[in-house]
Amino acid sequence: MIHGPPASCDDVAAVKSRVQSTVLSLEEKLNQLHAPCLTDIETSGDRLRKRVKCDTQTLKAHVVALEIQAGESMAQFNDDFQEIQDACKDICTKAQSAIAHLMKHAAQDTLLSSTKSVEALRRRHFSS
C-alpha cells in the first residue's frame, strides 16, 4: 500500500508523459540497434544468394563444357576407331592377296618341279 498524499491529475499526467517519453526513447534505441542487424542479415543473405546463383551458373557452364568435350572426345574416338577398322580391313585384304599370290607361285613351283621330275623320270625310263 502506498502512503502519502494522493497524487494530483497534473502529477499523474507528468509521470505518464515521462513514461511515454522513456518508452519512445527505448524504442528508438532498440530500432537503432536492431536496424543494422537486419541490414547485415539482409546483406549477408543477398551476398549468399548471389554467390549460390553464381556458383550454380558456373557449375552449369562446367557441365555444358564437359558434355561438349565428352561429345567431341566420343566423335574423335569414333573417327579413330573407324580409321583403325579401315586399316585392319586394308591389311587383311593385302594379306589375303599376298597369300593368294604366294599360293599361286607355290602351285606353279610345285607344278614346275613336278613337270621336271616327270621329264627326268621319262628321260630315264625311255633312255634305257
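Note that the numbering runs from 1 along the sequence shown for the chain. Because the structure is a prediction, the values reported are computed rather than measured.
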TODO: Please answer: with hydrophobic residues joined when any side-chain heavy atoms are less than 4.5 Å apart, are Val15 and Val23 in the same cluster?
DONE: yes
TODO: Hey, could you give me the CG/CZ distance between Asp40 and Arg47, rounded to the nearest 0.5 Å?
DONE: 8.0 Å
Open item on the list: Show me the pairs that pass side chain to side chain donor-acceptor pair (under 3.5 Å) and involve residues 59-75, at least two apart or across chains.
Closed with: none
- [ ] To the nearest 0.5 Å, tell me how far Ile99 CD1 sits from His101 NE2.
- [x] 12.5 Å
Task: Inter-residue atom distance Ser117.OG - Arg122.CZ, 0.5 Å rounding - done: 12.0 Å
Open item on the list: If I take atom NZ from residue Lys104 and atom OG from residue Ser97, how far apart are they, to the nearest 0.5 angstrom?
Closed with: 10.5 Å
Task: Nearest heavy atoms of Arg49 and Glu42, plus distance in Å - done: NH2-O, 4.4 Å
- [ ] Measure from the side-chain N and O atoms of Ser21 to the backbone N and O of Ser17, and report whether any donor-acceptor pair falls under 3.5 Å.
- [x] no
- [ ] Please check if atom CD in Glu83 has more than 12 non-hydrogen atoms from other residues, nucleotides or ligands closer than 6.0 Å.
- [x] no
Open item on the list: Under 3.5 Å, is there a donor on one side chain and an acceptor on the other for Gln82 and Asp86?
Closed with: yes
Open item on the list: Determine whether a donor-acceptor pair (N or O, by modelled atom type, separation under 3.5 Å) exists between the side chain of Thr22 and the backbone of Arg18.
Closed with: yes
Open item on the list: Salt bridge check, Glu119 against Lys116: does any charged N sit closer than 4.0 Å to a carboxylate O?
Closed with: no
TODO: Hey, could you give me the CG/NZ distance between Leu48 and Lys50, rounded to the nearest 0.5 Å?
DONE: 11.5 Å
Task: Distance, nearest 0.5 Å, that separates CD of Gln76 from CZ of Phe81 - done: 14.0 Å
